[in-house]
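As structure tokens, the structure follows; a few thoughts come after it.
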Amino acid sequence: MGFVWSTAHDAQWFNMFEELKKCKQIHGHCSAPLKRPSNKRLANWVSRQRHHYFQMKEGRSATMIAECVDTLCSYRKWKRQ
């Protein structure tokens with residue numbers, strides 16, 4: 001994708017994004033159900049990303065950086081406005 005991941009947090013975010021892509025390949029969607037123990041970590045991550053994204057969209061302070069938003073928007077149905 002051309003991004004430089006400079007911190008451990010960035011690398012962890014990218015690793016979770018790769019898990020999301022694998023989940024979509026296997027299941028055909030990006031919804032990771034919380035009820036499935038094997039998906040709990042990924043489901044929590046997706047939920048946090050949605051929360052941060054909508055905080056950012058509403059103009060509230062969010063920890064999500066633009067590169068993460070762009071990456072998710074290019075892969076998911078989230079629309080950046």
Side-chain angles (χ1 to χ4, degrees):
M1 297 214 135
F3 298 115
V4 176
W5 302 98
S6 59
T7 67
H9 180 267
D10 292 340
Q12 182 181 11
W13 190 95
F14 185 72
N15 288 337
M16 292 304 296
F17 180 70
E18 289 299 316
E19 282 189 43
L20 178 66
K21 287 170 42 177
K22 288 177 191 173
C23 181
K24 184 175 181 185
Q25 262 186 327
I26 293 167
H27 301 289
H29 56 78
C30 292
S31 297
L34 279 169
K35 294 180 182 179
R36 210 179 284 162
S38 63
N39 283 347
K40 195 167 191 123
R41 184 171 156 235
L42 180 60
N44 285 329
W45 181 83
V46 169
S47 179
R48 282 192 312 275
Q49 300 315 301
R50 284 189 188 120
H51 175 77
H52 293 307
Y53 172 76
F54 287 110
Q55 276 188 323
M56 180 186 244
K57 188 176 171 185
E58 292 173 356
R60 292 188 272 152
S61 179
T63 59
M64 185 175 274
I65 59 172
E67 289 87 356
C68 295
V69 173
D70 291 342
T71 301
L72 286 170
C73 286
S74 70
Y75 196 72
R76 294 197 37 109
K77 293 180 182 176
W78 295 341
K79 301 293 181 205
R80 188 169 189 194
Q81 295 184 8

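What you are looking at is a predicted structure, and each value in this text was computed from that prediction instead of being measured.
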Nearest-0.5 Å distance, NE2 of residue His52 to CG of residue Leu72: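 The NE2 atom of His52 sits 11.0 Å away from the CG atom of Leu72.
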Thr71 OG1 to Glu67 CD distance, which is reported to the nearest 0.5 Å: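 If we round to the nearest 0.5 Å, Thr71:OG1 and Glu67:CD are 7.5 Å apart.
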Evaluation steps, side-chain contact (heavy atoms from CB on, under 4.5 Å), between Met16 and Gln49: CA-CA 11 Å; Met16 292 304 296; Gln49 300 315 301; over 6 Å; no
Aromatic plane relationship, Trp13 with Phe17 - under 30° parallel, 30 to 60° tilted, over 60° perpendicular: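 Correct class here is parallel.
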Side-chain (Ser47) to main-chain (Ala43) donor-acceptor, under 3.5 angstrom: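 Pair absent, no side-chain N/O of Ser47 close to backbone of Ala43.
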side-chain contact (heavy atoms from CB on, under 4.5 Å) between Trp45 and Leu20, intermediate numbers included: CA-CA 9 Å; Trp45 181 83; Leu20 178 66; 4.1 Å; yes
Residues Lys21, Glu18: salt bridge by 4.0 Å N-O rule: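 A salt bridge is present here (some side-chain N lies under 4.0 Å from a carboxylate O).
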